[in-house]
Amino acid sequence: MIRIVRALAWAIWLAAVIAGTLSDRVPPAALAPDSNGEYILAADFHVHSFPGDGALPPSALAHEARRRGLDAVALTNHNQQLSVRLAGVSPERRYEALLIPGDEVTAPGYHMAAVGVPRPVPWHQPVADAVAAIHAEGGVAIAAHPAQFYWRAYDAAALAVLDGVETAQPKTDSKDSKEKYRQEVAAFFERARAAKPGIAAIGSSDYHYIMPLGLSRTYVFARDLSTASILEAVRAGRTVACDGGGNTIGPPELKKRVEDRCPRDSAADPTSAADRISVICAFGSLFALVITGPVHTRRGR
Amino acid sequence: MLPELQLMRAPARTYRLWVDAGWEVSPLGALYRPVVVGVLLATTVAIMATGHITAGLFATLILCWGFLVVLQVIAGLAVTMRSNRRVGVASALDLLFVAHAPWSLWLLAVAIWTTGRGWTGHETQVPLMTMLVPFAWTLVLLHAFCRTVLACTSRAAVRRTIAHQAIVWGIGLVLASLAVQLWPRVIGLFE
């Protein structure tokens with residue numbers, strides 16, 4: 001009897017994987033420029049990957065990004081770029097979504113997304129020096145989850161050279177978010193804007209293991225779909241942050257152009273009914289497989 | 001009763017029963033349970049990370065995360081070698097992997113909970129706290145395994161249990177510390 005259950009569990013698991021594979025759909029990339037001649041690209045500038053403290057390797061992240069309607073993703077593991085090296089990520093290589101090499105500078109007093117850098121930035125230095133190092137490598141520096149805990153590291157000199165601030169993050173918009181955290185991030189952004197008007201408003205998911213990638217995202221008003229154009233747009237502050245609640249943060253004239261798209265993207269769910277059934281079957285079959293292992297006693301045979 | 005549940009309920013008695021009844025499995029057969037753990041790991045990670053499972057995702061993730069299963073096989077072999085075990089190495093490894101059930105069920109429960117809740121993954125207290133249950137349960141199962149299958153004294157069983165967990169958790173924690181860059185964060189606590 002247990003053998004039959006086990007065989008059935010394997011069959012159901014396999015059917016679940018096949019069903020999930022067949023129902024996997026990726027929306028076509030909307031690559032046409034708008035009436036202003038700009039491409040409004042959706043990007044997530046803070047994503048962790050395997051190997052590192054992320055669940056998915058770069059190739060799987062590229063597919064998942066397209067599935068979630070993202071055009072570009074920055075690979076930002078803590079102080080290392082092993083996943084970038086192993087996957088051979090480079091501006092020339094084409095993926096389903098654009099993969100931008102980077103790292104999350106993880107220092108004692110701050111975290112910063114270094115986007116577009118070909119090698120990790122040394123972490124044991126003040127913010128202003130780290131930003132200079134990022135700029136020297138051709139990247140952009142984005143203050144990551146700037147809650148009050150990290151403020152001390154960002155003096156006036158640092159704020160004046162930053163390229164962007166994560167103003168939208170899952171913690172600032174999820175149902176169980178802390179209002180205090182949201183206020184701290186908003187206050188930091190105001191300080192940064194006072195020091196550098198036109199600093200880029202960035203929305204990032206800080207994706208590690210649990211979906212969804214791109215829950216908070218950035219709309220980038222770029223000249224074309226390339227890493228160079230995206231970085232140029234961030235430097236120029238031509239970005240709008242979109243949080244998971246469909247709210248936008250950024251320059252008013254740019255917000256107008258995405259205010260319909262942000263709530264639509266926030267509510268979008270690529271998981272189909274077939275996916276849900278496949279997941280339920282997968283869970284059920286896995287439970288059965290775990291508890292119905294074979295018994296190898298002479299009597300049990 | 002189902003073998004994994006039977007073991008979780010009465011570890012020492014169940015192991016004694018199985019060993020007395022002559023548990024025997026080939027080296028290939030002994031890989032079945034590690035394979036189930038690998039399949040579970042890849043499938044749950046895929047679903048938690050993306051909300052669905054596909055063949056490509058499964059294949060990618062079993063290549064990425066399979067090393068965790070290999071690590072546990074190595075730890076199991078390290079603990080079962082050079083003992084007065086009452087069964088062969090392959091059989092001992094198979095019996096050891098029956099004891100993976102608490103962790104397997106925990107991983108499945110977390111995957112179901114996060115998927116069903118639409119959890120964004122930034123509040124980790126609940127999953128982390130619930131880890132204590134499979135952790136403690138595994139210690140009990142491992143001790144029973146060492147006492148019964150490896151025919152260790154109580155003290156030796158404790159030592160081997162600690163050794164097994166030290167290998168698995170030690171390597172795991174080193175890798176995790178490197179991945180999250182623990183050292184700068186620790187410095188930050190004191191600055």
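Chain A is the first sequence line, chain B the second, and so forth, proteins listed ahead of strands; every chain is numbered from 1. These values consider heavy atoms only, across backbone and side chains, with no hydrogens, waters or symmetry-generated copies.
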**Q** Let me know if A:Ala55 has heavy atoms under 4.5 Å from chain B in its side chain, its backbone, both or neither.
**A** both
**Q** A:Arg67 versus chain B, heavy atoms under 4.5 Å apart: side chain, backbone, both or neither?
**A** side chain
**Q** Identify the heavy atoms of B:Leu105 and A:Val290 that sit nearest to each other, and give their distance.
**A** CD2-CG1, 3.9 Å
**Q** Any idea which of A:Ser23, A:Gly293, A:Ala107 has the most non-hydrogen atom pairs under 4.5 angstrom with chain B?
**A** A:Gly293
**Q** Considering only heavy atoms, give the residues of residues 132-161 of chain B separated from chain A by less than 4.5 Å, sorted numerically, with 'none' for an empty result.
**A** none
**Q** Applying a criterion of heavy atom separation less than 4.5 Å, what residues of residues 61-81 of chain B form contacts with chain A?
**A** B:Leu61, B:Cys64, B:Trp65, B:Phe67
**Q** Please tell me if the side chains of B:Val45 and A:Tyr209 come closer than 4.5 Å, counting only heavy atoms from C-beta onward.
**A** no
**Q** I want to check something: taking the side chain as every heavy atom from C-beta on, are B:Tyr32 and A:Arg6 in contact at a cut-off of under 4.5 Å?
**A** yes
**Q** What's the shortest heavy-atom distance between A:Phe283 and B:Thr115, and which atoms?
**A** CZ-OG1, 3.9 Å
**Q** At a 4.5 Å cut-off on heavy atoms, which part of A:His48 comes close to chain B: side chain, backbone, both, or neither?
**A** neither
**Q** Once rounded to the nearest 0.5 Å, what's the spacing between atom OG1 of B:Thr44 and atom CG of A:Leu286?
**A** 7.5 Å
**Q** Give, as side chain, backbone, both or neither, the part of B:Ile53 having an atom under 4.5 angstrom from any heavy atom of chain A.
**A** both
**Q** How long is the span from the CZ atom in B:Arg33 to the CG atom in A:Leu289, to the nearest 0.5 Å?
**A** 11.5 Å
**Q** To the nearest 0.5 Å, what is the distance between OG1 (B:Thr54) and CG (A:Asp24)?
**A** 5.5 Å
**Q** Measure the spacing between CH2 of B:Trp23 and OG1 of A:Thr297 and express it to the nearest 0.5 Å.
**A** 7.0 Å
**Q** For residues A:Trp13 and B:Leu40, determine if any side-chain heavy atom of one lies less than 4.5 Å from a side-chain heavy atom of the other.
**A** no
**Q** In terms of heavy-atom pairs under 4.5 Å, which option from B:Ser91, B:Gly188, B:Ser104 contacts chain A the most?
**A** B:Gly188
**Q** Identify which of B:Thr43, B:Val19, B:Val36 forms the greatest number of heavy-atom pairs closer than 4.5 Å to chain A.
**A** B:Thr43
**Q** If you take all heavy atoms of A:Leu56 and B:Thr50, which pair is closest and at what distance?
**A** CD1-CG2, 3.9 Å
**Q** Using non-hydrogen atoms and a 4.5 Å limit, figure out which bit of A:Phe287 sits close to chain B: side chain, backbone, both or neither.
**A** both
**Q** Do you know which of A:Ala19, A:Ala282, A:Pro57, A:Ser278 has the most heavy-atom pairs with chain B at a distance under 4.5 angstrom?
**A** A:Pro57
**Q** Non-hydrogen atoms of chain B under 4.5 Å away: do they reach the side chain of A:Ile2, the backbone, both or neither?
**A** side chain
**Q** Looking at B:Leu28, I want to see if its CG is surrounded by more than 12 non-hydrogen atoms of other residues, nucleotides or ligands under 6.0 Å.
**A** no
**Q** From B:His52 NE2 over to A:Ser272 OG, what is the distance, rounded to the nearest 0.5 angstrom?
**A** 9.0 Å
**Q** Is A:Pro270 close to chain B through its backbone or its side chain, or both, or neither, when contacts mean heavy atoms under 4.5 Å?
**A** neither
**Q** Quick check: under 4.5 Å, non-hydrogen atoms only, which of residues 163-187 of chain B neighbour chain A?
**A** B:Ala179, B:Val180, B:Gln181, B:Trp183, B:Pro184, B:Arg185, B:Ile187
**Q** If the contact rule is any heavy atom under 4.5 Å from chain A, which residues of residues 3-15 of chain B qualify, in numerical order?
**A** B:Pro3, B:Glu4, B:Leu5
